[in-house]
Amino acid sequence: MVNNMTVQERYRKIEELLNEYPIEKYPHSIGAYGIKRDGQPFVAMYYENENKRWVTTHSDYTHMEFDPVADVYGVLAQGATLFHVSDFVHKRCWQETLSQGNDCQYTQFYHGRRAYFEYCKNNGIDSEYMIKIDENFQGVETKFWKRDLRLQEKINHKISTKKYQKLDEVTLKTYEYYMAEQYYQEAIPMYTIENEYKDLIVYFAYEEGECVLQVFPNSKTKFTRDLKDWGFDFGSLLFETLESGGSIKYMSLDTHEGIMYNLDDIGIEELSPEAIEGLKKYLHYVYDNKIYQKLNPECKEYYRNLCSDINFDIQVNKKNHSRMER
């Protein structure tokens with residue numbers, strides 16, 4: 001499950017919220033579901049109360065006024081999904097787009113804006129709909145969705161190189177999608193994994209590998225979580241997923257070597273028992289897919305040490321080292 005909440009639980013919670021905060025009573029409101037910073041799933045309404053303050057149902061957050069960039073794009077950029085948007089919110093978002101253009105394209109908020117307009121497209125919120133609210137919205141879609149030709153040419157050239165021809169279809173399409181955003185344009189594919197629920201999850205590194213973007217591309221709209229503020233570790237986001245029934249669909253050689261360096265640096269003592277079992281599956285994957293031979297000499301040594309440290313069934317020591325090199 002993308003957010004550890006079943007579909008039935010989510011819709012039941014949405015229904016409960018809409019009954020408690022009816023649209024007729026709260027015409028200035030927006031609803032979304034996703035995951036909070038502490039990892040807990042949420043379904044929440046953000047609305048203007050009788051004191052003209054904007055409050056949300058899942059925290060003590062209070063704001064004097066509504067801000068489309070922070071309160072819509074910022075939430076969506078962190079991976080939340082909309083389930084209700086009032087005409088008031090739509091109007092403010094479209095006004096922001098008309099007045100600001102692409103000023104936020106170099107920030108993470110730009111992805112949130114893309115996600116918002118995808119929601120609009122999927123729910124019939126187009127120029128014709130918005131013109132009924134405000135006639136000044138004529139042509140705003142064209143302004144927002146018009147792509148920079150030179151950027152697209154750069155994307156096409158980049159994904160046509162030999163390096164990226166090895167990507168699986170899902171990773172490649174997702175990569176192309178995010179390269180259209182200045183904020184993530186230099187992102188590099190790390191790995192794609194399918195979890196036990198058959199959700200595909202794609203991980204990208206950006207800002208020279210310091211930050212990680214987690215994408216669920218087979219969601220109705222691309223569910224995205226920027227792990228800059230969440231933290232990333234191979235233990236919970238790779239090894240435990242493998243142990244629970246997941247499988248690797250793609251992983252770059254740089255990521256394989258990054259795993260070796262990471263585990264050599266921090267050790268395996270901090271890994272959970274589930275992560276240790278998943279690590280064994282990962283080491284088996286490296287062996288079965290002849291990735292060991294492609295590792296640099298230092299990482300080959302780390303691999304052999306890992307096998308020894310966890311008593312892995314494929315022992316790699318000096319005696320059978322030559323077998324691994326073939």
Side-chain angles (χ1 to χ4, degrees), residues 158-159 161-179 184 186-218 222-227 230-266 268 271 274-307 310 312 314 316 324-325:
K158 191 171 185 177
I159 65 176
T161 60
K162 184 177 180 180
K163 179 179 180 180
Y164 296 109
Q165 288 176 351
K166 298 179 181 180
L167 296 177
D168 65 287
E169 183 179 359
V170 170
T171 307
L172 182 61
K173 287 185 177 180
T174 307
Y175 187 43
E176 183 176 8
Y177 178 88
Y178 282 94
M179 279 196 297
Y184 296 122
E186 300 305 319
I188 300 172
M190 293 174 61
Y191 66 97
T192 298
I193 193 167
E194 183 179 77
N195 65 18
E196 69 270 30
Y197 302 110
K198 303 302 179 183
D199 292 318
L200 284 169
I201 312 171
V202 186
Y203 291 88
F204 297 96
Y206 72 100
E207 290 191 0
E208 298 182 350
E210 293 298 318
C211 302
V212 175
L213 185 69
Q214 181 188 47
V215 184
F216 295 78
N218 54 343
K222 286 182 174 59
F223 182 94
T224 308
R225 188 181 306 152
D226 194 320
L227 301 181
W230 296 67
F232 172 85
D233 70 272
F234 289 112
S236 62
L237 297 176
L238 175 61
F239 304 142
E240 289 184 12
T241 303
L242 291 175
E243 168 55 19
S244 62
S247 60
I248 296 171
K249 300 302 181 183
Y250 164 80
M251 183 175 289
S252 70
L253 181 60
D254 286 344
T255 301
H256 284 297
E257 293 183 342
I259 291 172
M260 300 303 158
Y261 286 123
N262 179 261
L263 292 179
D264 179 71
D265 182 46
I266 67 173
I268 61 174
L271 294 179
E274 294 79 11
I276 291 292
E277 293 304 310
L279 173 59
K280 293 178 182 178
K281 293 184 178 182
Y282 167 73
L283 295 174
H284 219 304
Y285 172 89
V286 170
Y287 179 80
D288 290 344
N289 289 276
K290 299 181 171 54
I291 295 164
Y292 174 85
Q293 292 93 323
K294 301 176 183 178
L295 298 174
N296 66 46
E298 193 174 28
C299 287
K300 286 179 179 177
E301 181 181 355
Y302 293 157
Y303 179 92
R304 296 193 296 271
N305 292 341
L306 280 170
C307 290
I310 63 175
F312 186 47
I314 298 180
V316 187
M324 290 291 293
E325 297 288 356

Given side chains that start at C-beta, do those of [X] and [Y] come closer than 4.5 Å, heavy atoms only?
X	Y	result
Met251	Leu238	yes
Asp254	Ile188	no
Thr174	Phe204	yes
Val212	Leu237	no
Leu167	Pro189	yes
Tyr203	Phe232	yes
Tyr250	Val170	no
Thr255	Phe234	yes

Margin query: When you compare the side chains of His256 and Tyr292, does any donor N or O come within less than 3.5 Å of an acceptor on the partner?
Written below: no
Next item on the list: Assess the side chains of Tyr302 and Glu298: does a donor N or O sit below 3.5 Å from an acceptor N or O?
Entry: yes
Check: Under the salt bridge (Lys or Arg N to Asp or Glu O under 4.0 Å) criterion, do Glu277 and Lys280 qualify, and how do the steps go?
Finding: CA-CA 5 Å; Glu277 293 304 310; Lys280 293 178 182 178; 3.4 Å; yes
Point-to-point distance, once rounded to the nearest 0.5 Å, from [atom1] of [X] to [atom2] of [Y]:
X	Y	atom1	atom2	result
Met260	Asn296	CE	CG	10.0 Å
Tyr191	Ile248	OH	CD1	8.5 Å
Leu295	Leu253	CG	CG	6.0 Å
Leu271	Ile276	CG	CD1	4.5 Å
Ile310	Asn305	CD1	CG	11.5 Å
Lys281	Leu279	NZ	CG	12.0 Å

Judged by atom type as modelled, is there a donor-acceptor pair below 3.5 Å linking the side chain of [X] to the main-chain atoms of [Y]?
X	Y	answer
Asn289	Tyr285	yes
Tyr303	Leu283	yes
Glu274	Ser244	no

Next item on the list: Look at Glu194 together with Lys198 and state whether they make a salt bridge at an N to O cut-off of under 4.0 Å.
Entry: yes
Checklist line | Lys/Arg N to Asp/Glu carboxylate O, Glu301 vs Arg304, below 4.0 Å | finding: no
Note to self: So, applying side chain to side chain contact (heavy atoms under 4.5 Å, CB included) with Phe239, which one of Ile268, Asp233, Leu263 is it?
What the structure shows: Leu263
